[in-house]
Amino acid sequence: MPTRAKGEVLHEYIVIGRKLPTEKEPVTPIYKMQTFASNAVIAKSRFWYFISMLRRLKKANGEILECKESVLLNLRTSFPVNDTDSLDNSYGSAEGIYGRFQTSADVENDYFPLLISL
């Protein structure tokens, strides 16, 4: 099953599942996974695919507790709308402190942010 079909938009899903309780093991661990998929059905399928490789757990012996879409910040809508507005961010690394200055025009035109050493 493809993760992304041509032209579809990927969404981030948070899937929570667990192994079904038995008499020997009444309390089972809960597993949480964040995945990108085009819809909830594919997100659940990816959860079972990866959990079967990481743990001894199959879909027949488990259940999905919750599958919800995570709210992500879209860069194009989270930046200021006016061309005069900008985003100024600074961070430290092993080489020194860097400042990132980015205007909304840079985001609109898909330019890389400018890294300026302070």
Side-chain angles (χ1 to χ4, degrees):
M1 179 180 292
T3 306
R4 180 178 181 189
K6 189 174 183 179
E8 289 188 18
V9 178
L10 293 179
H11 303 281
E12 183 178 9
Y13 287 92
I14 299 173
V15 184
I16 302 172
R18 69 172 182 167
K19 183 179 178 183
L20 288 173
T22 60
E23 293 180 3
K24 292 182 179 179
E25 192 177 7
V27 179
T28 57
I30 296 174
Y31 301 105
K32 175 183 173 183
M33 187 179 79
Q34 291 177 288
T35 183
F36 286 92
S38 56
N39 56 34
V41 175
I42 294 176
K44 292 176 189 177
S45 174
R46 302 308 291 165
F47 172 80
W48 289 120
Y49 174 76
F50 287 114
I51 208 74
S52 66
M53 289 194 298
L54 296 172
R55 304 281 183 233
R56 292 183 55 113
L57 181 60
K58 296 191 305 184
K59 184 178 178 180
N61 300 330
E63 64 179 346
I64 297 288
L65 298 176
E66 184 177 8
C67 179
K68 63 180 180 178
E69 186 175 349
S70 176
V71 179
L72 290 177
L73 290 177
N74 189 354
L75 286 177
R76 293 190 183 274
T77 59
S78 64
F79 274 88
V81 178
N82 299 335
D83 289 336
T84 57
D85 292 339
S86 62
L87 176 72
D88 191 10
N89 188 11
S90 63
Y91 61 94
S93 68
E95 289 81 21
I97 299 174
Y98 292 94
R100 183 176 89 174
F101 181 80
Q102 191 171 16
T103 63
S104 59
D106 293 335
V107 177
E108 292 289 327
N109 298 326
D110 293 330
Y111 291 131
F112 290 108
L114 301 174
L115 293 176
I116 303 167
S117 180
L118 297 178

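- Two residues are said to be in side-chain contact when any heavy atoms from C-beta on lie closer than 4.5 Å; Lys32 and Ile14 meet this criterion.
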For residues 52-64, which side-chain N or O atoms pair as donor and acceptor with protein atoms under 3.5 Å away, sequence neighbours left out?
| residue | atom | partner | partner atom | Å |
| --- | --- | --- | --- | --- |
| Ser52 | OG | Trp48 | O | 3.1 |
| Ser52 | OG | Tyr49 | O | 2.8 |
| Glu63 | OE2 | Arg18 | NE | 2.7 |
| Glu63 | OE2 | Arg18 | NH2 | 2.9 |

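- Among residues two or more places apart in sequence or in another chain, the salt bridge (charged side-chain N to carboxylate O under 4.0 Å, His left out) test is passed with Lys44 by none.
- What you find for Gln34 and Glu12 is that their closest heavy atoms are NE2-OE2, 3.2 Å.
- Contact detail for Ala37 and Ala43: the closest heavy-atom pair is CB-N, 3.7 Å.
- Here the shortest heavy-atom pairing between Glu25 and Pro29 reads OE2-CD, 4.0 Å.
- Grouping the Ile, Leu, Val, Met, Phe, Trp and Tyr side chains by contacts below 4.5 angstrom, directly or via other members, places Ile51 apart from Ile16.
- Note on Ile42: it does not cluster hydrophobically with Val15, by side-chain heavy-atom contacts below 4.5 Å among ILVMFWY residues.
- Remark: Phe47 CZ to Tyr13 OH distance equals 16.0 Å, nearest 0.5 Å.
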